[in-house]
Amino acid sequence: MPDSETALSRRAMTRVPRWWLLLSCVALVVAGLVAAYWAGSAAAASAGPHYEPPAEIPVSATVQKRAVNQQAILTGRVVAGATSAVRASLPEGTDRLILTSTPKAAGDSVAPGELLAVVSGRPLLMIQASVPLYRDIKPGDAGIDVQALQRALVGLGLDVKISGIFDQPTQSALKTWYGNAGFEAPSPLESVSAATNGGGKSLEASTVMFSWREFVQVPGDTGRIASMAAVGTLLPEDGVVAHIAIAEDTIVARANLLQAKDFAVGAPATVRAGSASMDSSVAAVSAFVEGDESKNEVPGVDITLPIPAGAQGLSPEQSVTVTSGSVPPESLAVPLIAIRQENGIAYVQLSGPDGPRRIDVTVTAQADGWAAIDDGGGLAVGDSVLLP
């Protein structure tokens, strides 16, 4: 009997489907996960307050007043102008050339008719370069050099007739010139023949001669003293008294071929040296020049500009920057990224206590990350505009 009951129990167990066992295990696992999630959420809620992400902070920029312009910028230097040496000649009867005195100093201008210096007691007078200096001219002498001398005297405002003969009126004018400089004109050292003077008498004491050694010239007739020997100096054998700048210092900058289009002859440019800024214009553009890596020079063209009149503190070899165009006028400006577009209309978002407000603007220029805007758009210096 017991054996039969055991057999029946085994048959009952074998009839239970195995998939029910699998389903029961899955249900238990899911129930465990749900219980774990609920327990974790309850623990987190009891641990502290609910976390909220920080509010978004708007980024803004201030409307400024500044110059905005797209310009080419070159590095240049001051180049010394050409100079001409002025030399004194040893006067007859003088052993050495000593700079006795001078009314001039470095930086002073020189022009025909002026006293440049006194050397070994005799004057050095500036005379036009058109007068050929190759001989002493004595009363009665004639020639093209006398004509040139007479023209020079007329140019100084003296009353002389251009006759080509070194006559008494010409001598009187020369004597006046010397007198204005504080000296007496030299007298001839010998008599002239009766045929020359219209009689057989010696020259009167009032007659004078033109001594070429007491006159000096510079190309172009005018210039500026670049250097002058000190008073009391024994001049060298070549007799150099001074160096005269016959061309003004200039500014030269190298532009590559892309930059050169902004620096045509006559184009305005701005020169900056330190904190100083001055307007100039392009005077000359050279032919193409090969670059020199050893001197950090790029291939391109050399741009030459005159130093503006009245400029102070510029000396040869000083570095400067040259910017194409004149200094642009200042206007309202905002960072370029503050400009927004909608249907082809530019605008900015003006920040205010009541929230952002749209302001339509007209962009007049942009450069270096800034946009210049028309002053009539409703913005003012100090306003804040939102950035995207």
Side-chain angles (χ1 to χ4, degrees), residues 81-89 91 99-189 192 196-198 203-226 228 241-248 309-310:
T83 61
S84 177
V86 174
R87 294 176 169 83
S89 300
L99 183 60
T100 309
S101 65
T102 176
K104 298 289 188 178
D108 290 347
S109 61
V110 295
E114 296 181 345
L115 174 66
L116 176 67
V118 180
V119 176
S120 299
R122 291 302 297 171
L124 281 182
L125 297 168
M126 297 288 300
I127 193 170
Q128 291 90 328
S130 58
V131 180
L133 302 178
Y134 64 91
R135 65 167 177 164
D136 290 340
I137 302 176
K138 300 174 182 177
D141 285 349
I144 58 173
D145 56 340
V146 178
Q147 287 184 346
L149 173 61
Q150 290 171 332
R151 290 191 182 93
L153 294 171
V154 171
L156 299 178
L158 299 171
D159 187 13
V160 177
K161 181 181 179 181
I162 302 175
S163 62
I165 301 174
F166 194 62
D167 51 18
Q168 189 60 48
T170 305
Q171 297 171 48
S172 297
L174 184 62
K175 186 175 181 179
T176 299
W177 184 3
Y178 268 88
N180 292 339
F183 291 87
E184 290 187 0
S187 296
L189 301 179
V192 294
T196 303
N197 291 278
L203 292 171
E204 298 180 1
S206 60
T207 58
V208 298
M209 63 177 288
F210 176 84
S211 177
W212 69 269
R213 293 176 178 83
E214 297 184 355
F215 294 87
V216 290
Q217 302 166 316
V218 294
D221 292 341
T222 60
R224 175 178 48 82
I225 297 177
M228 171 75 75
V241 177
H243 286 89
I244 309 297
I246 57 176
E248 295 296 331

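Scope of the values below: all heavy atoms of this structure, side chains included, with no hydrogens, waters or symmetry mates.
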Taking all non-hydrogen atoms of both residues, which atom of [X] and which atom of [Y] are closest, and how far apart?
X	Y	value
Glu214	Pro186	OE1-CD, 4.0 Å
Pro188	Thr207	CD-O, 3.6 Å
Lys104	Leu116	CG-O, 3.8 Å
Val110	Ile225	CG1-CG1, 3.7 Å
Leu115	Ala181	CD2-O, 4.1 Å
Ile165	Gly140	CG2-O, 4.2 Å

Out of curiosity, [X] [atom1] to [Y] [atom2], how far, rounded to the nearest 0.5 Å?
X	Y	atom1	atom2	result
Thr176	Leu153	OG1	CG	9.5 Å
Ile246	Asp221	CD1	CG	11.0 Å
Lys138	Ser211	NZ	OG	10.0 Å
Leu174	Gln150	CG	CD	11.0 Å
Lys175	Leu158	NZ	CG	14.0 Å

Evaluate the side-chain proximity of [Y] to [X]: yes if any heavy-atom separation is below 4.5 Å, no if none is.
X	Y	result
Lys161	Pro169	no
Met228	Asp108	no
Tyr178	Leu125	yes
Val241	Arg87	no

| task | Look at the side chain of Gln217 and the backbone N and O of Val131, then say whether any donor-acceptor pair between them is shorter than 3.5 Å. | result | yes
| request: Using modelled atom types only, decide if a donor and an acceptor are shared between the side chain of Gln171 and the backbone of Val208 within a distance under 3.5 Å. | output: yes
| field | Sequence-distant partners of Trp212, ring pair (Phe, Tyr, Trp, His ring centres under 6.0 Å), two or more places apart | value | none
| query | ring pair (Phe, Tyr, Trp, His ring centres under 6.0 Å) with Phe210: which of Phe215, Phe166, Tyr134? | reply | Phe215
| task | Sort out for me which residue in Val216, Thr83, Val218 forms a side-chain contact (heavy atoms from CB on, under 4.5 Å) with Ile244. | result | Val218
| Test side chain to side chain contact (heavy atoms under 4.5 Å, CB included) applied to Arg213 and Asp136, step by step | CA-CA 8 Å; Arg213 293 176 178 83; Asp136 290 340; 3.8 Å; yes
| field | Derivation and outcome, side chain to side chain contact (heavy atoms under 4.5 Å, CB included), residues Leu149 and Val160 | value | CA-CA 10 Å; Leu149 173 61; Val160 177; over 6 Å; no
